[in-house]
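Step one of this worksheet: look at the structure below.
Numbers restart at 1 for each chain; the letters A, B, ... are given by sequence-line order, proteins then strands.
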Protein chains: 2
Amino acid sequence: MGRADLKAVASLAGVSISTVSRVLNGSKTTVAISEATKKKVVDAARRLGYVPVCAARALRRGYTRTIAVLCDAPDQLVRAIGRNMFDAEMMRGLVMEAVRQHLHLLFLTGLSDEGGTYNDQVAELGMADGLLVLNRNMKRGDICADVVLKLSKPVVYLLEYPDDCDGYICAPDDVQGGRLATGKLLELGHRRIGFLTERSYYPGVFGRRRSGWETALRSAGIEPERSWIIELGTASREVIEKAGLTAIVSPNDRMAQELKNRLRGEGMAIPDDISIVTFAYDAVSDGRVPPTACVSTPLAPLVARGVEMLSEIVCGNRPAERKFMPEFAYVAGRSVTAPRGG
Amino acid sequence: MGRADLKAVASLAGVSISTVSRVLNGSKTTVAISEATKKKVVDAARRLGYVPVCAARALRRGYTRTIAVLCDAPDQLVRAIGRNMFDAEMMRGLVMEAVRQHLHLLFLTGLSDEGGTYNDQVAELGMADGLLVLNRNMKRGDICADVVLKLSKPVVYLLEYPDDCDGYICAPDDVQGGRLATGKLLELGHRRIGFLTERSYYPGVFGRRRSGWETALRSAGIEPERSWIIELGTASREVIEKAGLTAIVSPNDRMAQELKNRLRGEGMAIPDDISIVTFAYDAVSDGRVPPTACVSTPLAPLVARGVEMLSEIVCGNRPAERKFMPEFAYVAGRSVTAPRGG
DNA sequence: CTGAAAGCGCTTACAG
DNA sequence: CTGAAAGCGCTTACAG
């Protein structure tokens with residue numbers, strides 16, 4: 001005997017399939033059903049160990065109460081598992097909010113595979129009612145962007161999003177962060193403030209942070225020079241001194257750390273020779289002055305709101321706002337001081 | 001215009017639905033199709049942005065290439081996210097192996113809900129081709145056991161499993177671990193060796209570890225007395241001295257730690273007054289003597305083999321073995337010495 | 001090489 | 001209060 005279906009239950013209970021479905025599915029359209037019938041059906045279902053086939057249900061209903069998490073590449077999924085605080089926090093946020101919203105979470109793997117026929121991969125996403133896009137780099141024409149376009153399912157972008165995106169977004173206000181970081185340095189008297197970049201540079205988060213840096217400088221009547229953009233790979237004391245910089249804004253924690261290490265190795269004093277402000281999620285504000293000054297915003301509310309938004313959309317409720325964009329706050333640190341001459 | 005389906009593609013390409021399906025799905029039964037037709041179809045599909053509806057596909061095909069992870073309760077899912085090394089390792093193992101096997105992972109939430117009609121919850125599991133059961137307590141009649149029974153889908157139990165289980169299991173050999181821990185103490189000359197338990201005690205892992213302890217004692221011609229079973233909640237110097245114990249086997253890390261703290265508080269010296277051996281996953285073996293002696297086994301291979309087994313079953317290949325049961329190894333530690341009188 | 005048709009197991013308007 | 005029937009979108013044996 002295989003798995004029992006509605007037909008089996010119906011025949012055992014001596015009623016029609018429709019009736020069984022109505023009794024067992026808790027349908028919205030409250031159709032009254034006699035207690036006697038109900039009992040017969042429930043008993044029969046129990047006896048046969050009936051379990052609905054959810055593919056059939058999904059096909060008919062059009063939803064699954066499952067949301068997918070889409071990453072650039074499978075190995076990113078792995079990285080997302082607690083290798084560091086950021087990733088651990090991200091995972092915890094995802095799962096906690098999913099539990100709260102009674103949504104199942106589908107972690108997709110293999111999306112970067114080459115094999116398989118025409119968007120077979122995309123199809124797998126269809127299992128979910130909506131997508132949470134958690135890319136680090138939102139390269140245009142990327143497989144992910146493609147996927148998202150093709151599926152006409154609700155999408156919420158987390159942290160990173162395409163520039164021309166008219167969808168839902170949960171991300172900090174990176175431009176504001178760039179302005180804030182730069183503004184603090186300007187207040188202290190810095191005039192020649194650089195911006196740190198990396199070789200593999202995509203527009204997106206970093207671009208927005210950089211554009212905040214530019215805006216702040218221009219508002220202060222300063223036109224940033226090309227040489228003020230420092231590439232981490234080739235950053236050195238010489239490059240920085242040649243550009244005449246007294247401060248640098250780093251769009252990212254790790255990059256700031258790398259830069260500090262390198263410059264210290266070359267005998268540059270931080271902050272005396274060069275001030276550094278970085279971007280961070282969840283800067284610890286335990287009252288102590290952190291080693292690196294930063295503009296920071298907490299990660300948890302972003303993740304939670306992302307899942308919540310998607311849940312709202314999936315359930316047919318329009319979220320209060322299209323974009324959830326909390327601001328960065330400045331956290332003073334030992335990597336910043338007034339410029340020497342100032 | 002909604003989402004394009006096979007019919008839309010077929011009509012644009014001027015062919016039948018069957019043909020479109022055959023071109024786009026990479027079906028197993030290699031039916032030859034002319035290049036001309038193929039091109040027409042692919043072009044049409046691309047033009048319309050066709051994406052298969054996976055619920056329909058799943059209904060028809062009968063599989064989804066998705067496996068589910070089933071836990072006792074949703075909040076366990078949350079706990080499973082890197083709060084401690086055990087959980088972090090577990091998550092990492094799950095995801096890494098899933099990626100390797102090209103399986104999607106579905107994390108189920110809300111299974112402990114009261115609301116909902118007759119096994120609505122069970123249905124959600126149907127989304128997956130197989131289940132990985134990751135319960136901590138395999139209480140009989142539990143909702144999870146129920147679910148597993150009702151769905152006739154392949155199941156692999158990880159670490160914990162029902163005693164009467166004839167399914168696939170990936171778990172350490174807990175009985176052997178109990179024998180090993182107790183045996184080491186016997187070798188040192190201990191005769192009166194206790195076993196630590198907890199109030200909320202389920203048969204299962206702890207029971208097997210305890211049965212290993214019993215077996216070892218009996219093999220040494222010692223009949224364990226009732227008073228040798230120490231309940232953590234009421235454990236005290238007095239209880240232990242009254243039972244005349246010189247050593248205790250703890251089935252679990254945390255419990256051992258708690259016991260040590262309590263006894264030290266009462267002025268008992270470890271290991272001079274009482275030796276303690278505990279169970280552990282992944283005891284660090286960096287050459288240094290760990291504070292608590294233990295029998296240990298690595299977690300990662302267990303998790304990986306669990307996912308792999310399920311993958312094999314789901315793909316129709318019979319796994320090499322029905323149970324994967326690595327042994328525990330003894331790791332000496334500062335919590336064990338020969339008994340005082342011995 | 002291609003198509004018409006059955007069927008996967010549900011849900012739900014419609015009719016009684 | 002209950003049932004017969006259409007249809008969700010695919011896949012695939014069968015016939016040509």
Can we say A:D43 and A:R47 salt-bridge, meaning some charged N sits less than 4.0 Å from an Asp/Glu carboxylate O?
-> no

Considering only the C1' atoms, how many Å lie between C:dG16 and C:dT12, rounded to the nearest integer?
-> 16 Å

Could you state the atom-to-atom distance from CG of B:L59 to C1' of D:dG7 in whole Å?
-> 12 Å

Separation of D:dC8 C1' from A:Y63 OH (nearest whole Å) = 14 Å

Ignoring hydrogens and angles, answer whether the base of D:dG3 and the side-chain atoms of A:R22 contain a donor-acceptor pair closer than 3.5 Å.
-> yes

From CG of A:L6 across to C1' of D:dG3 the rounded distance in Å is 14 Å

In whole angstrom, give the distance that lies between atom NZ of B:K7 and atom P of C:dA5.
-> 14 Å

Under 4.0 Å between a side-chain N or O of A:R57 and OP1 or OP2 of C:dG9?
-> no

Donor-acceptor contact present, side-chain A:E160 to main-chain A:V205, <3.5 Å = yes

Indicate whether OP1 or OP2 belonging to C:dC10 is found under 4.0 Å from a side-chain N or O atom of A:Y50.
-> yes

Over how many whole Å does the gap from A:R60 atom CZ to D:dA6 atom C1' extend?
-> 8 Å

Is a side-chain donor-acceptor pair under 3.5 Å present for A:T37 with A:S34?
-> yes

Watson-Crick or G-U wobble partner of D:dA4, both distances under 3.5 Å | none

Taking 4.0 angstrom as the limit, do A:R305 and A:E321 come out as a salt bridge?
-> yes

With DNA chain C as reference, determine whether B:A56 or A:S18 sits nearer its 5' end, using the nearest nucleotide of each.
-> B:A56

For A:R61 and D:dC8, what is the distance between atoms CZ and C1' respectively, to the nearest whole Å?
-> 13 Å

Pairing nucleotide - D:dA13, Watson-Crick or G-U, each distance under 3.5 Å | none

Rounded to the nearest angstrom, tell me the gap between atom CG in B:L24 and atom C1' in D:dG9.
-> 13 Å

With heavy atoms under 4.0 Å as the rule, sort B:S34 into base, sugar-phosphate or nothing.
-> sugar-phosphate

Can you tell me if the side-chain N/O atoms of B:S21 get under 4.0 Å from OP1 or OP2 in D:dC10?
-> no

Would you check if the side chain of A:D129 reaches a backbone N or O of A:T64 as a donor-acceptor pair within less than 3.5 Å?
-> yes

Separation of atom CD1 in B:I17 from atom P in D:dG9, rounded to whole Å | 11 Å

